[in-house]
Amino acid sequence: MKFWSQYFIPTLKESPADAEIPSHKLLIRAGLVRKLGGGLYTYLPLGLRVMQKLTQICREEIERGGGIELQMPHLHPAENWQQGPRWAAIREVMFRVDGAGDGKRGPREPEYVLGPTHEEVITPLVRAEITSYRDLPKNLFQITTKFRNEIRPRFGLMRAREFVMMDAYSFDANDEAAIKSYHAMKTAYENFFRRVGAHAIAVEADTGVMGGSYSHEFMIPAEIGDNDILYNEESGYAANREKATSALVPAGLADAAPAGALEEFATPGIVTIAALAAPPYSAPADKQFKTLVYVGDGKPFLVVLRGCDELEEAKLGALGFSVFRPATPEEIEPVMGAKPGSLGTVKGTIKNPDALAGIFADHAIRLVGNGTTGANKDGFHLRHVNVSRDLTVTRFGDFRRVQPGEPDPTSGQPLKLRRGIEVGHIFKLGTKYSDKYGAVYTDDQKQNHPVVMGCYGIGISRTMQAIIEQGHDADGVVWPWASAPFHVLICVLDPQLPEAMDLARQLGAAAEKAGADVLIDDRAERPGVKFKDADLIGIPLRLTIGGKGLKEGIIELKWRTQKEVAKISLADAAARVTAEVQAAQAKA
RNA sequence: CGGGGUGUAGCUUAGCCUGGUAGAGCGCCUGGUUUGGGACCAGGAGGUCGCGAGUUCGAAUCUCGCCGCCCCGACCA
């Protein structure tokens with residue numbers, strides 16, 4: 001039981017100027033956090049209590065899913081990372097530390113880094129300590145602060161430089177067992193988000209820099225989310241836009257009959273799809289081929305799409321380059337023979353085809369048939385272009401960005417689009433890290449095999465903010481029971497009356513006995529201030545004790561989620577509070 | 001890192017264009033009146049106007065540089 005007048009809950013009437021979105025404003029106004037610097041926040045007592053609730057629930061659910069808790073250092077020797085498979089890709093996001101502190105070791109390479117995640121630490125540990133099939137499977141997790149030098153911290157705790165994350169790592173003898181671990185974690189995640197009162201949905205996701213074969217993201221739908229989700233409620237399909245596909249191209253689609261021979265025509269000054277679609281050329285965007293030039297691991301390659309489609313860059317990850325980027329105009333001309341705007345992949349028109357690492361075409365170009373494309377000659381295009389007759393394609397793939405309204409790949413129903421906040425991610429990693437670090441085990445036939453890994457993350461601090469983003473109204477936060485910093489707030493309107501405070505303590509004790517965390521507002525403030533603050537900090541159950549009510553022999557009981565106020569006689573108060581708390585505990 | 005914006009009291013801000021003693025609201029302190037949805041009256045404390053140069057008799061205001069913060073993009077739990 002805490003007393004507000006003795007506690008530390010600095011609430012704000014106005015939103016600080018640097019907060020933009022509701023959850024960020026409320027984090028600060030409701031006295032949950034304060035900013036120290038960009039992406040760095042102090043958890044005030046109320047915020048810390050929420051974090052502790054989330055952490056404990058997360059711990060329980062991951063343990064139920066087979067996890068074993070440990071804790072790794074925050075500070076890592078840089079060599080661990082330099083020897084790992086993704087130093088080049090991830091070093092920019094790491095805080096690098098000169099351990100000597102006097103600059104004598106020079107600025108060239110850091111001695112230490114602050115851990116952004118822990119694959120590079122746990123895999124060597126497992127390599128040393130897990131050597132037999134008898135030791136498997138294992139799932140090790142921790143809940144700790146992570147450090148990432150985000151290029152742009154944003155929206156309070158949404159993208160912070162220092163944040164709290166649960167990270168788990170599974171180790172299995174084979175693929176089949178690893179998939180079992182993966183699904184156990186997926187279930188644990190679903191249980192976690194359900195218990196904390198966050199409505200998260202699992203969507204298929206791109207694996208990004210983590211590598212690995214497949215993964216799901218857990219998203220909390222919210223307008224301010226920075227992820228696009230394509231989904232269909234009926235079929236249950238849901239995918240991150242980076243990963244989403246659609247059934248746009250019917251299986252077994254035959255090529256259109258060529259309408260005529262290839263024909264070059266002059267298009268002076270025409271360098272955009274839109275210009276070519278307009279008269280006098282009138283080649284609709286969906287009847288054009290768009291040719292993009294990228295550079296992968298130092299070598300140029302081409303991507304061919306329909307004129308009306310956009311490239312989904314993340315999908316190029318499937319091509320296996322470790323790094324890739326759009327080519328510059330200076331790089332394009334010597335290879336293609338023309339500037340961007342007149343590019344194409346018709347056989348024999350590319351100036352220097354041997355320089356290319358490949359020509360990758362999206363499946364959807366097969367819908368084009370008798371299309372138009374650049375002639376690789378500035379100011380000229382070709383018409384009557386047909387895919388199999390005229391184009392050189394190394395490999396077909398899914399490279400286009402799916403648009404809402406396209407048919408769902410599982411049911412054919414139209415896909416819808418919504419935004420979401422990523423609060424969790426699970427990956428089946430395979431043997432990427434175990435190969436690199438030599439984490440092998442010996443089976444019962446004395447054969448050595450790499451350990452098959454999975455890795456799993458939940459952004460705890462981000463989840464706190466996402467719950468607020470999802471649960472608030474015009475007056476403030478509306479905490480779900482399980483995540484709330486306190487469950488019951490007892491507003492004592494006349495704290496100078498000893499009988500009012502005595503009753504508050506009695507009811508508080510009853511609520512605590514039933515399992516609730518109790519805060520008593522005993523401040524010498526006017527009722528209006530107390531009610532406004534009560535709504536702002538969003539404690540689920542509010543009891544109001546006032547001198548007026550005491551004379552009538554009643555107190556009031558109100559849920560934050562409801563408008564109605566129940567008047568309860570003093571004689572029934574303790575029993576009623578106990579019953580309400582027990583019911584809420586049972587539901588949570 | 002590219003583009004845009006912004007920096008004045010603990011918080012929200014006016015003043016800046018057109019240079020001339022830095023203002024308000026909230027919060028805080030004292031006294032009084034109030035007391036069921038952010039009270040009222042009176043008094044008070046609190047500011048190197050982000051930092052540094054420059055122009056000027058004089059700079060919050062004009063110029064240049066730096067820094068912080070916010071928003072959009074690439075990245076991520």
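What you see is a predicted model, and the numbers here were worked out from it, not measured in a lab. Per chain, numbering begins at 1; letters A, B, ... match sequence-line order.
Distance check on atom C1': U21(B) versus G58(B) gives 12 Å, rounded to whole Å. When the C1' atom is used for both G10(B) and G5(B), the distance is 25 Å, rounded to whole Å. Spacing between G68(B) and G23(B) at atom C1', rounded to whole Å, works out to 25 Å. Atom name P, nucleotides A59(B) and G52(B): the rounded distance is 14 Å, in whole Å. Spacing of P atoms, A14(B) relative to G3(B), comes out at 27 Å, to the nearest Å. For the P atom pair drawn from G44(B) and U61(B), the interatomic distance equals 30 Å after rounding to whole Å. One P atom belongs to G19(B), the other to C51(B), and the distance between them is 22 Å to the nearest Å. Nucleotides C69(B) and U12(B) have their C1' atoms positioned 16 Å apart, rounded to a whole Å.
Contact of R542(A) with G37(B) (side chain to base): a donor-acceptor pair of N or O atoms is detected under 3.5 Å. Donor-acceptor pairing under 3.5 Å, judged by distance alone, is present between the side chain of E14(A) and the base of G25(B).
In the model, S215(A) has a side-chain atom that pairs as donor or acceptor with a side-chain atom of H425(A) under 3.5 Å. For the residue pair Y189(A)/N191(A), the side-chain donor-acceptor check at 3.5 Å is not satisfied.
S461(A) comes within 4.0 angstrom of nothing in the nucleic acid, heavy atoms only. Using a 4.0 Å heavy-atom cutoff across all strands shown, D475(A) reaches no nucleic acid atom at all. Among the atoms of the strands shown, none is found under 4.0 Å from any heavy atom of A19(A). Looking at heavy-atom distances under 4.0 Å, G38(A) makes contact with sugar-phosphate atoms alone, never a base. Among the atoms of the strands shown, none is found under 4.0 Å from any heavy atom of E92(A). Contact annotation for F155(A): backbone-only contact, meaning every heavy-atom pair under 4.0 Å involves sugar-phosphate atoms and none involves a base. Nucleic acid contact for V529(A): base, since at least one base atom lies under 4.0 Å from a heavy atom of the residue. Contacts of D167(A) with the nucleic acid, taken as non-hydrogen atoms under 4.0 Å apart, are absent. Nucleic acid contact for R325(A): none, since no nucleic acid atom lies under 4.0 Å from a heavy atom of the residue. Residue G549(A) is in base contact, counting any heavy-atom pair closer than 4.0 Å across all strands shown.
Protein atom CE of M158(A) is 11 Å distant from nucleotide atom C1' of A77(B), rounded to whole Å. For the pair K13(A) NZ and U12(B) C1', the computed distance is 12 Å after rounding to whole Å. Summarising the geometry, the separation between CD on Q496(A) and P on G36(B) is reported as 12 Å, rounded to the nearest angstrom. Distance, R241(A) CZ to C75(B) P: 14 Å, rounded to whole Å. Nucleotide G38(B) holds its P atom 13 Å from the CD atom of E525(A), rounded to whole Å. Atom pair R159(A):CZ and G73(B):C1' shows a separation of 11 Å (rounding to whole Å applied). Rounded to whole Å, the distance from CG on D533(A) to P on G27(B) is 12 Å. One interatomic measurement links the two molecules: CD of E242(A) to P of C75(B), which rounds to 7 Å at whole-angstrom precision.
In this structure, F531(A) does not pack face-to-face on the six-membered ring of G38(B), missing the 5.5 Å centre cutoff or the 30° plane limit.
Taking the six-membered ring for Trp and the full ring otherwise, Y456(A) and Y169(A) have centroids separated by 6.0 Å or more. Ring to ring, F301(A) and F360(A) are close: their centroids are under 6.0 angstrom apart.
Remark: the backbone N or O of A484(A) is paired with a side-chain donor or acceptor of K53(A) at under 3.5 angstrom. Side-chain atoms of H118(A) come within 3.5 Å of backbone N or O of P73(A) as a donor-acceptor pair.
For the OP1/OP2 pair of C72(B) and a distance below 4.0 Å, the side-chain nitrogens and oxygens of R154(A) include at least one atom meeting the criterion. For R526(A) and U35(B), the shortest distance from a side-chain N or O to OP1 or OP2 is not below 4.0 Å. In this structure, K35(A) reaches the C70(B) phosphate: one of its side-chain N or O atoms is under 4.0 Å from OP1 or OP2. Between C72(B) and R152(A), a contact under 4.0 Å exists linking OP1 or OP2 to a side-chain N or O. Distances shown here put every side-chain N or O of K530(A) at or beyond 4.0 Å from the OP1 or OP2 atom of G37(B).
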Open item on the list: Between R325(A) and E331(A), is the salt bridge (Lys or Arg N to Asp or Glu O under 4.0 Å) condition met? List the steps.
Closed with: CA-CA 12 Å; R325(A) 58 169 174 84; E331(A) 289 169 320; 2.8 Å; yes

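Mapping P16(A) and G528(A) onto RNA chain B by nearest heavy atom places P16(A) at the nucleotide closer to the 5' end. Ranked by how close their nearest RNA chain B nucleotide is to the 5' end, G459(A) and A17(A) are led by A17(A).
Under a 4.0 Å N-O distance rule, the pair K548(A)/D494(A) does not qualify as a salt bridge. Between D362(A) and K315(A) there is no salt bridge, since none of the side-chain N atoms of the basic residue sits less than 4.0 Å from a carboxylate O of the acidic one.
A side-chain contact (heavy atoms from CB on, under 4.5 Å) with L26(A) is found for exactly one of E469(A), H472(A), Q465(A), namely H472(A).
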Open item on the list: Taking Watson-Crick (N1-N3 plus N6-O4 or O6-N4) and G-U wobble (N1-O2, O6-N3), each under 3.5 Å, can you produce the dot-bracket string of RNA chain B? Use [ ] for crossing pairs and | for inter-strand ones.
Closed with: (((((((..((((......[..)))).((((((.....)))))).....(((((..]....))))))))))))....

